[in-house]
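A short worksheet on the structure shown next.
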Amino acid sequence: KRQNFFGVFLQFHIGVDNHWLAFYGGGAGFRIRSVSFNLQGKHDTLTFSYYADGDTTLTVLGDNDAVLGQYSVTGAAVAKTVTIPLFKTNELKFQFNNGSVARIFNAYLDVQS
């Protein structure tokens with residue numbers, strides 16, 4: 001079983017809705033953009049798709065900035081889907097490392113037992 005990640009954890013609409021999370025560059029230059037969520041250590045896996053307009057790196061971090069996944073993203077390429085282990089992490093952070101527009105979508109957590 002799984003549940004929609006964004007429908008559960010996001011309650012605002014600044015680049016976010018129930019289906020996708022957008023990271024906007026906002027100008028030239030090197031930028032690290034990130035967003036964090038509190039999962040309360042209740043989940044084992046997260047499946048999501050990602051896409052970016054320009055070349056970038058997506059890093060998914062857990063508690064104490066432990067790297068749960070790191071992906072080189074080729075700009076304007078077909079979106080990719082991954083499943084990552086969460087190891088019952090409390091904090092989950094998505095981080096992109098440049099100013100291109102990037103999206104995370106179709107994100108699902110395993111259902112808590």
In Å and rounded to the nearest 0.5 Å, what is the CG to OG distance from Asp65 to Ser36?
-> 8.0 Å
From the list Leu68, Leu61, Leu109, side-chain contact (heavy atoms from CB on, under 4.5 Å) partner of Leu92 resolves to Leu68
Can Thr59 and Asn97 be said to form a side-chain contact (heavy atoms from CB on, under 4.5 Å), step by step?
-> CA-CA 8 Å; Thr59 305; Asn97 74 348; over 6 Å; no
CG of Leu39 to CG of Asp44, rounded to nearest 0.5 Å, is 11.0 Å
In terms of heavy-atom contacts, Tyr51 and Ala79 come closest through CB-CB, 4.2 Å
Set of residues satisfying ring pair (Phe, Tyr, Trp, His ring centres under 6.0 Å) with respect to Tyr71, sequence neighbours excluded | Tyr50
Distance only, no hydrogens: is a donor on one side chain within 3.5 Å (strictly under) of an acceptor on the other, for Gln40 and Lys42?
-> yes
In Å, rounded to the nearest 0.5 Å, how long is the span from CD1 of Ile84 to OG1 of Thr45?
-> 9.0 Å
Taking Thr89 for its side chain and Asp63 for its backbone only, find out whether a donor-acceptor pair lies under 3.5 Å.
-> yes
Locate the shortest heavy-atom distance separating Ile104 from Phe94; write the atom from each residue and the value.
-> CD1-CD2, 3.1 Å
Please round to the nearest 0.5 Å and tell me the distance separating atom CZ of Arg103 and atom CG of Asp53.
-> 6.5 Å
Verdict with reasoning, Thr47 to Val82, per side-chain contact (heavy atoms from CB on, under 4.5 Å) = CA-CA 6 Å; Thr47 300; Val82 296; over 6 Å; no
So, Asp55 side chain and Gly75 main chain: donor-acceptor pair closer than 3.5 Å or not?
-> yes
Under 3.5 Å, is there a donor-acceptor pair between the side chain of Asn90 and the main chain of Asn38?
-> no
Distance (rounded to the nearest 0.5 Å) between Asn106 CG and Phe48 CZ | 11.5 Å
